[in-house]
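In what follows, every heavy atom counts, from backbone to side chain, and hydrogens, waters and symmetry copies are set aside. Read the numbers this way: they start at 1 and go in the same order the structure lists the ligands and their atoms.
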Amino acid sequence: MKKFLCILLAVAMLAVTFVACSKNTDDGNNAADETAKETLVMATNAEFPPYEFHEGDAIVGIDAEVAQAIADKLGMELKIEDVAFDSIIPGVQAGKYDMGMAGMTVTDERLESVNFSTSYAKGVQVVIVKEGSDIKTVDDVADKKIGVQTSTTGDIYATDDFGEENVTKFDNGAVAVQALLQGKVDCVIIDNEPAKSYVAANEGLKILDTEYVEEDYAICFNKNDTGLQEKVNKALEELIADGTVDKIVGKYIKA
Ligand code: GLN
């Protein structure tokens, strides 16, 4: 009986080995499998020019192009999901998206929820006001009505420094700027590059010379997905070192 069991076990093991091997050979010979690329799902909020914005049906901008260059380097297919800014980190934590790239500032608080790549750009929080406004420096913002984009660092700093009661939160920078034009808020605190785009697109606005807060932009990842983070980070660092990132930035931001 024991002997019989041994033989049975041996046969079973052989069968398993055979199936495993033949599967390998199959994969190796299957051209379709070789060309099918793994997808890299990036979550963004495409209301943040020049980092991400809509151009017709496409989402373009610095982040979209840097992410595409990373995907190309890794032989992956990039898929961009356009979602609300404040659902990017929860979605990455839930494993819905592989990474978040949205002109996103590295903060200690966010580092408790996600990991970040090497930083690929600098941002500065600035104040947009109407021309002729009595707000001349950041200090004059106290007790004024401040518009921000929900859950951004502009929102977080303004709420901390000037109080919740003075801060009105909007879905994105564009609607915050519309509220400023309509006199519903007295200023908008937002990142400098989108601020420049909004001021260029609308008459009668200006950016204060005094800068509010300086920050680093990076890509965020699920804390358990360190393998992907390492691969993407390595590709990103190579693209920074060989000047590709600078070239992409130069396309969208004129010095
Ligand atoms: N840099 C800001 C932040 O990370 C704003 C980003 C954005 O609005 N896309 O909070």
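Tyr51 and Asp191 form no side-chain donor-acceptor contact under 3.5 Å, judged by distance and modelled atom types alone.
Classification of Lys251 and Glu65 as a salt-bridged pair holds, one side-chain N sitting under 4.0 Å from a carboxylate O. Ion pairing of Glu230 with Lys234 is absent here, as no side-chain N (NZ or NE/NH1/NH2) approaches a carboxylate O to less than 4.0 Å. At a threshold of 4.0 Å, the pair Asp134-Lys144 counts as salt-bridged, since one of the basic side-chain nitrogens sits closer than that to a carboxylate oxygen.
Within a 6.0 Å sphere centred on CG of Asp72, other residues, nucleotides and ligands contribute more than 12 heavy atoms.
Tyr120 and Leu78 fall within a single hydrophobic cluster, where Ile, Leu, Val, Met, Phe, Trp and Tyr are joined by side-chain heavy atoms under 4.5 Å apart, directly or via other members.
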List of N/O pairs, ligand 1 versus protein, all under 3.5 Å?
from     : atom 1 : to     : atom 2 : distance (Å)
ligand 1 : 1 (N)  : Gly103 : O      : 2.8
ligand 1 : 1 (N)  : Thr105 : OG1    : 2.8
ligand 1 : 1 (N)  : Asp191 : OD2    : 2.6
ligand 1 : 4 (O)  : Thr105 : N      : 2.8
ligand 1 : 4 (O)  : Thr105 : OG1    : 3.2
ligand 1 : 4 (O)  : Arg110 : NH1    : 2.8
ligand 1 : 8 (O)  : Gln149 : OE1    : 2.9
ligand 1 : 9 (N)  : Ala102 : O      : 2.8
ligand 1 : 10 (O) : Arg110 : NH1    : 3.4
ligand 1 : 10 (O) : Arg110 : NH2    : 2.8
ligand 1 : 10 (O) : Thr153 : N      : 2.8

